[in-house]
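The structure appears below as structure tokens.
Hydrogens, waters and symmetry mates play no part in the numbers below; they use all other heavy atoms, side chains included. Note that the coordinates shown come from a computational prediction; the quantities given were computed from them, not determined experimentally. Residue indices begin at 1 and follow the sequence shown. Indexing begins at 1, ligand by ligand and atom by atom, following the structure's order.
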Amino acid sequence: MICSSLTSIAVIALAGLAQGAPTSNLRSWEEAYAKAEQVVDQMSLEQKVGLTTGIGWEKTLCVGNVHGTEDPYFPSLCLQDGPLGTRFASNNTAGVSGINAAATFDRDLMYRRAEIIGNESRGKGVHIQLGPSVDLIRAPHGGRGWEAFGEDPYLQGVGGYEFVKGVQSQNVIATAKHYILNNQEINRTTSNSVVDERTLREIYVWPYARMVEAGLGSVMCSYNLYEDIYACENDYLLNTVLKEELSFKGFVMSDWGATHSTAPSVNAGLDMTMPGDIIMGDGLSWFGPNLTKAVEDGDVSEERVTDMAMRIAAAHFKVGQDKDFPETSLVSFDRKSEPEVIVTSDEHIKFVRDIGAASVVLLANDGILPVSSDDLQKIAIVGSDAAAPSEHGGLNEVECTDMACNDGTYVMGWGSGSVDFPYIISPTEGITNRAGDSVEVVHTYDDWDTEAAAELASDADIAFVFAKTEAGEEYLMVDGNNDRKNLTLWNNGDNLIQAVADANENTVVVIHSPGPILMPWIDHENIKAVVWPGLPGQETGNSLADVLFGDVNPSGRLPYTIAKKEEDYGAHISTEYNIEYSEKLNIGYRHFDANDIEPLFAFGYGLSYSTFDYGKLKVNTKRGKRDTLATATVFVRNTGDVDGAEVAQAYISFPESAGEPPKVLRGFERVYLKAGQQRKVTFEFTETDLSIYDEESSCWVVPEGEYTVSIGASSRDIRESATFDL
Ligand code: NOJ
């Protein structure tokens with residue numbers, strides 16, 4: 001049987017997604033390899049090994065640097081976190097997290113966000129950006145889900161694709177991580193992820209395939225094991241799946257300290273060891289002299305080392321770093337000597353505010369929002385989550401390592417995926433500024449004194465009560481959490497909300513959280529709206545006020561499911577050595593669909609200040625351009641009296657024989673419509689979109705039979721559906 005590889009299908013399928021400003025100096029892989037060959041051909045074995053070997057933890061300007069060479073010249077490449085901006089940097093922008101980019105359901109915003117991240121990295125002389133993360137939210141408690149794009153592989157694929165395109169347009173290599181099956185923090189370096197071949201491909205490899213199509217330069221292999229073999233020395237994952245099946249042409253680096261051997265890792269496909277050390281800070285290395293010796297001993301071929309160096313050099317030339325690339329100006333481990341290089345700008349800051357507003361998900365609203373200052377005399381703000389944190393990283397604030405000591409509003413998770421904040425506009429500041437002088441704004445930030453909170457709220461026209469939960473990376477722990485221990489609010493949040501709602505009949509709840517929480521107060525009659533701004537970065541208060549006061553009509557959509565109770569989720573954090581991915585293809589909303597469980601708020605859900613109608617769905621299966629197998633068109637009309645964007649979502653149900661979940665996301669389009677305006681939205685379903693991975697033949701196949709396309713405003717709000725046969 002001739003089977004199409006996932007990549008060969010998809011190269012064509014997603015070519016149409018390329019967008020954004022024309023980029024300079026970019027090369028095709030062929031051109032990049034030709035350039036790389038000219039340099040690598042002149043290198044000695046030691047020089048080639050140097051390119052693959054990190055110089056050591058905290059020994060260089062960046063979180064990782066490999067050795068450069070003088071003759072022939074090749075720079076010491078700087079590797080720096082992370083998925084939302086440049087870590088350990090000043091004069092930067094602290095933008096929204098990946099999970100907010102996902103909540104916009106807007107490709108253009110995802111691309112523009114990445115372009116800015118790439119632009120600031122380049123400005124600091126970062127060659128290799130350590131993002132995007134595409135770790136799916138499997139268990140909702142997962143500590144690092146907020147760095148990536150949610151619970152759906154298709155959404156992760158789009159988020160990853162746009163990130164790679166955007167960052168690499170700025171001559172910076174993007175790094176897709178953490179490859180693979182790294183979906184929780186607990187035991188991340190010692191656990192073995194157990195998953196079947198089909199689930200591996202359709203859920204977890206899928207985003208990587210999309211990023212390879214985008215020209216991805218590097219991949220970071222993860223800490224965990226698969227089939228009892230570390231991901232960074234796993235021949236099947238690195239050579240067979242990534243390099244052969246997906247035809248990945250870039251290089252694979254280890255996560256920090258995730259290399260465990262010399263020849264086995266190199267022969268399995270690892271191309272670079274980071275940050276170089278065997279154990280972080282020990283000054284030894286599995287590569288370096290050990291790799292040279294492995295070649296001399298015949299355990300690794302020199303050809304393989306040449307391939308490693310070629311992959312690294314080719315990625316560098318592909319994104320055009322050989323012309324006018326800035327000197328590295330970071331000093332990651334001695335921040336006081338960092339030279340002043342300003343990479344932020346008014347434009348970047350405005351974008352953060354805009355995407356912050358575009359990613360606010362309005363979960364409930366009985367009409368109380370948007371508010372107008374004309375109707376208000378007094379606003380009460382309750383909860384420490386509305387306050388500016390007393391510390392938020394930065395040059396002189398070493399106490400607050402990587403955001404793991406946040407005592408105010410929650411704006412990003414903690415760990416290597418965080419960046420320093422130049423400033424934070426708190427929710428109180430944003431609301432107060434927007435409300436203007438005619439409105440009195442009072443606040444209390446004491447989460448534990450519910451009586452004081454109730455009293456403050458009792459005579460206000462409206463009470464905004466803020467609460468949060470946080471999560472982050474394994475090497476830091478906050479009150480026993482990196483993966484969240486449970487899904488309840490922190491700092492007495494539920495009691496605080498209850499007390500305020502009891503005291504004020506116009507209560508609006510605002511939650512900042514890395515993922516789902518439980519909402520025992522959701523049916524309280526005085527809670528008139530629930531607002532979900534995600535992790536919005538430095539402009540948080542302004543973005544929020546834009547939505548609360550109606551300057552921006554909300555259009556954010558949930559990139560994960562919020563369940564009624566914790567047991568309803570299909571996956572949980574495991575403390576076993578073997579982490580069984582027993583939900584298989586039924587990750588996220590698919591589990592709720594398959595088991596007929598009613599979520600509290602469904603994947604893809606979010607309200608607007610307007611209303612939208614869908615109609616006249618038509619599907620045709622004429623083979624379109626490239627490999628489109630079916631096209632659906634639907635008309636979306638803004639039936640309210642406020643202009644705004646609607647996110648039309650397309651879900652596919654495969655023929656029953658395919659054994660797929662009831663429906664899977666295969667398209668979305670955020671359309672801006674003036675009040676009364678109607679537009680036709682087109683979804684093209686490619687061969688990739690309509691394929692499943694057939695374990696028996698190890699092929700991606702398009703199952704024959706009847707398909708259903710369901711179009712709607714969320715995974716549980718389907719407005720139109722139609723069938724087609726293939
Ligand atoms: C470990 C993290 O898992 C990874 O995401 C990060 O890029 C490296 N540390 C470097 O900080």
Name the residues with a heavy atom less than 4.0 Å from ligand 1?
Asp81, Arg87, Leu130, Arg144, Lys177, His178, Arg188, Met220, Tyr223, Asp255, Trp256, Ser416, Glu473

Are the charged groups of Asp271 and Lys243 less than 4.0 angstrom apart, N to O?
yes

Could you tell me whether a side-chain N or O of Ser218 sits under 3.5 Å from a main-chain N or O of Ala174, the two making a donor and an acceptor?
yes

Whether Glu162 and Arg113 form a salt bridge (side-chain N of Lys/Arg under 4.0 Å from carboxylate O of Asp/Glu) is what I want to check.
no

Count the heavy atoms of every other residue, nucleotide or ligand shown that sit under 6.0 Å from CD of Glu327, and state whether that count exceeds 12.
no

Between Asp106 and Arg112, does any NZ, NE, NH1 or NH2 come within less than 4.0 Å of an OD or OE carboxylate oxygen?
no

Sequence neighbours excluded, the answer for side-chain contact (heavy atoms from CB on, under 4.5 Å) partners of Leu225 is Asn192, Tyr230, Tyr577

